[in-house]
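What follows is one structure encoded as structure tokens, with my remarks underneath.
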Amino acid sequence: MSAKAGVAGPFQYGHGAAAFDADNDGWPDLLLTGYNRLVLLHNEPDGAGGRRFVDVTAKSGLATDNLWSTSAGWGDLDGDGYPDLYVAHYADWGFDTNHPPFCTYDGKTRDVCQPRLFKPLPHAVYRNNRDGTFTDITKSLKLRTDGKGIGVLVVDVDGKPDVYAANDTDDNFLYLNKTPPGGPITLEEVGLVAGVARDDRGAANGSMGVDAADFDRTGRPSVIVTNSEGELPALYQNRTAAGGPPRFLYATPSAGVAAVGGVYVGWGAAFADHDLDGWEDLFLVNGHAIRFPSKLDRRQKPLLLRNDGGRFTNITRAGGGYFTAPHNARGLAAGDLDNDGRVDLVVSHLNEPAAVLRNVSPTDGRHWVGLELVGAKNRDVVGARVVVESAGGKQTRFAKGGGSYASTPDRRPVVGLGGRRGEGGHGVLAVGEVRDVRRGRSGRVLAAERGDREGGAHEASAGWSSA
Ligand SMILES: [Ca+2]
Ligand SMILES: [Ca+2]
Ligand SMILES: [Ca+2]
Ligand SMILES: [Ca+2]
């Protein structure tokens with residue numbers, strides 16, 4: 001199937017895939033990151049009634065990106081309706097230019113060199129020209145150049161789609177989108193002052209994957225970042241005051257995440273409400289980056305953390321067979337593969353087939369609603385927020401571009417509403433306040449039952465839900 005679909009390659013020494021609609025034609029395209037080359041695959045008819053991907057890198061303007069790229073995030077940064085691109089670049093390693101001959105962790109066994117031996121590469125921003133091509137505008141942005149980038153997430157932090165980049169052993173970046181109406185893309189880096197650059201000891205962590213969610217149901221996006229051995233996953237809780245600048249608290253200890261211990265080298269990360277109780281749970285995948293770790297197995301177990309009212313409990317052991325064995329995991333994408341309202345997981349590994357984990361969690365018949373967000377005029381909805389109101393209260397979901405590590409999750413939010421089947425009052429009261437932050441417009445969308453189309457929707461175009 002891969003060859004027939006045009007995705008078999010080989011294109012480059014690949015790392016990640018970002019699935020987004022680069023040309024706004026309604027069909028998701030595929031950007032492949034990797035060593036010294038980006039690849040853009042356009043989704044088009046195959047002439048036989050199906051679809052295929054065609055390599056359009058050369059004419060897309062992205063062929064000039066010859067650095068080592070890891071993850072990419074997308075979102076309409078300048079509000080013209082077309083998704084722009086943020087590409088994280090990693091480090092200046094090369095066989096010819098910078099290849100330390102011998103690295104070891106036990107004094108004798110040759111191993112992968114540690115990241116601090118390498119200089120970071122500058123990240124890149126590409127403006128979408130609305131004709132299938134992109135222009136590299138990095139030089140005009142004066143980005144920071146001191147981050148070995150691994151994870152990227154575009155999400156609305158303070159009113160427009162903003163960019164968070166997780167960097168290995170360097171400060172993580174938070175670029176607030178300060179683009180003036182009709183003006184050029186303008187980004188302002190505020191990671192340190194906002195509290196999302198380092199851990200609670202002021203140390204830059206070996207950061208990899210990233211996701212964001214309203215885990216504490218305050219309506220604001222908080223950020224999870226997976227980190228290296230000897231560190232903890234960083235949960236940055238959004239404590240922004242009304243009308244104030246973005247401020248985050250390192251909440252790893254207070255929210256219970258610290259209990260997992262500092263043994264993991266974490267990669268993919270995903271918030272999802274696995275049991276539909278209205279609180280978004282957390283799934284993290286792990287695996288050591290070096291070949292011969294001295295203290296630990298190279299393979300590590302994943303982590304499943306249940307969100308109990310804004311505090312996390314480690315329930316990994318109850319997760320099923322996959323969770324009881326160690327893996328050398330990297331990519332992670334969450335999505336409701338079978339449309340039953342329970343968010344499933346796909347994990348990629350080193351030297352092990354990918355795993356598809358169907359969510360069969362007991363949900364006690366709790367109600368849920370799934371939403372597919374489509375712009376009224378423009379299809380890119382990254383940066384939009386959805387507030388779903390039910391008897392259990394309000395919940396907020398964020399339309400995100402990128403996230404996890406080098407993977408692209410299902411963009412359709414599934415919202416658990418609590419309550420049990422047969423109990424009244426637990427349906428959706430309103431899928432309201434669907435806010436298109438790019439155009440500063442609000443809409444209110446009435447409740448949807450299965451198969452309903454919400455007439456008059458500004459953004460939510462289709463919903464599916466529990467009976
Ligand atoms: Ca497309
Ligand atoms: Ca744009
Ligand atoms: Ca939950
Ligand atoms: Ca499912």
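Counting convention: from 1, in listed order, for ligands and their atoms alike.
To the nearest 0.5 angstrom, Trp68 atom CH2 is 9.0 Å from Asn36 atom CG. Atom-to-atom distance recorded for Thr240:OG1 and Phe248:CZ is 5.5 Å, nearest 0.5 angstrom. Rounded to the nearest 0.5 Å, atoms CZ (Arg144) and NE2 (His123) are 10.0 Å apart. Atom-to-atom distance recorded for Leu284:CG and Ser404:OG is 9.0 Å, nearest 0.5 angstrom.
At a threshold of 4.0 Å, the pair Asp338-Arg358 counts as salt-bridged, since one of the basic side-chain nitrogens sits closer than that to a carboxylate oxygen. A salt bridge is defined here as a Lys NZ or Arg NE, NH1 or NH2 lying under 4.0 Å from an Asp or Glu carboxylate O, and Arg306 with Asp308 meets this definition.
Sorted by first and then second residue, the pairs that involve residues 271-283 and meet side chain to side chain donor-acceptor pair (under 3.5 Å), not counting sequence neighbours, are Glu280-Arg397.
Panel detail: the Ca ion (ligand 2) has protein N, O or S atoms under 3.0 Å away, 6 in number. For the Ca ion (ligand 3), the count of nearby protein N, O or S atoms, meaning those under 3.0 Å away, is 6.
For the pairing with Phe215, the side chain to side chain contact (heavy atoms under 4.5 Å, CB included) check across Leu235, Ile224, Leu282 returns one residue only, Leu235. When the options Thr226, Asp199, Asn167 are evaluated for a side chain to side chain donor-acceptor pair (under 3.5 Å) with Asn205, the one that passes is Asp199. For the side chain to side chain contact (heavy atoms under 4.5 Å, CB included) criterion with Val415, the lone passing option out of Val388, Val387, Leu276 is Val388.
For a distance threshold of 3.0 Å, the protein N, O or S atoms nearer than that to the Ca ion (ligand 4), listed by chain and number, are Asp336 OD1, Asp338 OD1, Asp340 OD1, Arg342 O, Asp344 OD1, Asp344 OD2.
Taking 4.5 Å as the limit, some side-chain heavy atom of Phe283 sits within range of a side-chain heavy atom of Leu332.
Tyr164 and Asn172 share a donor-acceptor pair across their side chains, judged by distance under 3.5 Å alone. A donor-acceptor pair shorter than 3.5 Å cannot be found between the side chains of Asn328 and Arg299.
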